[in-house]
Every structure is written in structure tokens, then in C-alpha cells.
Undergrad: 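Below: one structure in C-alpha cells.
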Amino acid sequence: DTGVSQNPRHKITKRGQNVTFRCDPISEHNRLYWYRQTLGQGPEFLTYFQNEAQLEKSRLLSDRFSAERPKGSFSTLEIQRTEQGDSAMYLCASSLVRDTFFYEQYFGPGTRLTVT
Amino acid sequence: QKEVEQNSGPLSVPEGAIASLNCTYSDRGSQSFFWYRQYSGKSPELIMFIYSNGDKEDGRFTAQLNKASQYVSLLIRDSQPSDSATYLCAVNKNSGGSNYKLTFGKGTLLTVNP
């Protein structure tokens, strides 16, 4: 399978615990994005990486959230001290950007987080 | 004004009919436009993208873009029950930093009745 992969697919955690999600993008893609989607809403942008550099973070990404892409390949999204409001589907997408031309974003299957 | 607006639906069409999904956007600087299909409990799947004014056809799908009216639409011909899903319109705002993030509408729920 050469698509975007995410792990775990589901995560149930208790309020106050830390969780970490992983995303493996399509291998030749240099851009990696994280989005969050709640019921009845479209995905909302959280942050993105160009290779290993994190270039923008949404105001939705509070101090409890951190994302890394250490070698420009896979990325992790960590949520510390989870709250019930963090319950959502966390989506990773990747794309290729070359010579200022933007190619389409492809999404992974998502990680569904439930905070109890 | 919301950045990307879609009718939430549900839009119900009989099998074999044409389904028409509409989307408007507020930022005139928007450059790229995408339609994603999302089945319940699944992630968005890219089905069409369009960059230039006019029509773009791919199989049973046609995307239409009118930048002057800030309007993009998706037509699905010969609708099948398997097309029943939420259709998300997404817009790329190349906002200074060239981050190419997508801004999504809330989606339109399409139901195709056998």
C-alpha cells in the first residue's frame, strides 16, 4: 500500500492522559499536514511540515499539542493532558510541492480519539 | 461570512439521476479547488480538483469553476447508491506564506435512492 498510513486507528484515553499519533506520508511527498475533524464539520487545519520544518501552526493548536517530523519522513502528533474537547478524528495528509506548484493532498485513514 | 459554504443537505436523488453539489467561497485569492468524498466513519477521499475557470470532466464527475462568482460545483451523472456520502468542498488559499493549507466546507450529505 503506497498511500498515507496512520496509527493507531482508534484511541480511547482518560482525561489527563497523554496520547501520540503517527503518520507515514506517501513516500515522495515533501509536505505533510495535520487536520482535525469533529462530527458534522469539515476538517480543520492544525499544522504542516515542509520536509522536517514545521512552517505553520493553527491557533487551534494549543500548547498541549506538539507535532514533529524528525527526518522529513513520518510525523507524530502528541496531545498532553487530554481534555474531552480533544475527542475528534485526527487526519494526516500529504502532498508534493515542487517549483511553487501545488499538488493535491491525499488523506490517511485517520485516528479517532475518544477522551473519557 | 463563512470562508467556504455548502448546503448541508441532505440532498436526495434517485438512482440514475444527476446530482448537483454547490460550494461558494469568500476569498478571491483562492487558487485551487477540490472535491472530497467522505463515507461515514471514513477519511476524505479526493475525487476531483480544478484550477481554471470552466468545466473539468472525469468519468461520471464534472467539476465546474467560476472564479468571478466565487462558485464551484460538482455534478455526478448516473448517480449510484454507492455515491451516497458526504461531499466536502475544499479551497486552497495561498495566503502569503504559500502554505497551501485547505479550507473545507461542512460538506453536503448526498443520498442516492435505489
Side-chain angles (χ1 to χ4, degrees), chain A residues 3-7 9-10 21 23 25-26 29-51 53-61 88-114, chain B residues 2-10 21 23-27 29-52 56 58 61 63 72 74 85-109:
Chain A
V4 179
S5 63
Q6 291 186 247
N7 287 289
R9 298 288 301 276
H10 303 275
F21 310 140
C23 171
I26 294 172
H29 285 183
N30 53 5
R31 289 265 177 124
L32 186 150
Y33 305 78
W34 286 98
Y35 292 83
R36 180 173 69 184
Q37 186 177 25
T38 54
L39 196 62
Q41 304 294 317
E44 294 176 290
F45 170 78
L46 293 178
T47 188
Y48 88 104
F49 294 83
Q50 168 91 8
N51 299 315
Q54 186 175 19
L55 298 184
E56 182 171 332
K57 294 193 294 186
S58 162
R59 58 177 174 76
L60 294 175
L61 218 62
M89 173 81 88
Y90 288 84
L91 295 162
C92 176
S94 70
S95 71
L96 180 65
V97 176
R98 187 167 53 209
D99 296 332
T100 74
F101 188 82
F102 164 71
Y103 294 83
E104 309 77 54
Q105 290 186 25
Y106 293 91
F107 283 85
T111 295
R112 182 168 296 283
L113 173 66
T114 302
Chain B
K2 295 180 181 177
E3 294 183 76
V4 179
E5 293 205 57
Q6 298 180 252
N7 288 328
S8 60
L21 303 158
C23 173
T24 58
Y25 59 95
S26 61
D27 188 339
S30 300
Q31 298 183 351
S32 311
F33 307 86
F34 305 85
W35 284 99
Y36 287 84
R37 178 175 62 198
Q38 188 171 30
Y39 293 112
S40 180
K42 303 297 186 182
S43 66
E45 173 192 8
L46 179 67
I47 54 172
M48 287 289 291
F49 55 91
I50 186 166
Y51 303 132
S52 304
K56 179 182 178 183
D58 183 2
F61 299 98
V72 59
L74 178 71
T86 295
Y87 289 80
L88 296 163
C89 172
V91 173
N92 160 229
K93 296 197 304 177
N94 182 2
S95 52
S98 301
N99 63 34
Y100 304 119
K101 70 178 182 181
L102 295 179
T103 300
F104 284 83
K106 289 186 175 183
T108 298
L109 176 62

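Within every chain, numbering begins at 1; the chains are lettered A, B, ... in the order of the sequence lines, protein sequences first and strands thereafter. All values below come from the heavy atoms of this structure, side chains included, with hydrogens, waters and symmetry mates left out.
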Undergrad: Can you name the closest pair of heavy atoms from Gln105(A) and Tyr36(B) and give their distance?
TA: O-OH, 2.6 Å
Undergrad: Is chain B contacted by the side chain of Leu91(A), its backbone, both, or neither, given a heavy-atom distance below 4.5 Å?
TA: side chain
Undergrad: With only heavy atoms counted, which part of Gln38(B) is less than 4.5 Å from chain A, the side chain, the backbone, both or neither?
TA: side chain
Undergrad: Would you say Tyr33(A)'s side chain and Leu102(B)'s backbone share a donor-acceptor pair under 3.5 angstrom?
TA: no
Undergrad: Does Lys106(B), at its NZ atom, have more than 12 non-hydrogen atoms belonging to other residues, nucleotides or ligands within less than 6.0 Å?
TA: no
Undergrad: Is the CG atom of Asn7(B) crowded by more than 12 outside heavy atoms at less than 6.0 Å?
TA: no
Undergrad: If we only count heavy atoms from C-beta on, is the Lys101(B) to Tyr48(A) side-chain gap below 4.5 Å?
TA: no
Undergrad: Minimum heavy-atom separation for Pro44(B) to Pro43(A), with atom names?
TA: CG-CG, 4.1 Å
Undergrad: Contact part of Gln37(A) toward chain B, heavy-atom cut-off under 4.5 Å: side chain, backbone, both or neither?
TA: side chain
Undergrad: If you count heavy-atom pairs under 4.5 Å with chain A, which of Ser43(B), Cys89(B), Ser8(B) comes out on top?
TA: Ser43(B)
Undergrad: Given side chains that start at C-beta, do those of Leu46(B) and Tyr106(A) come closer than 4.5 Å, heavy atoms only?
TA: yes
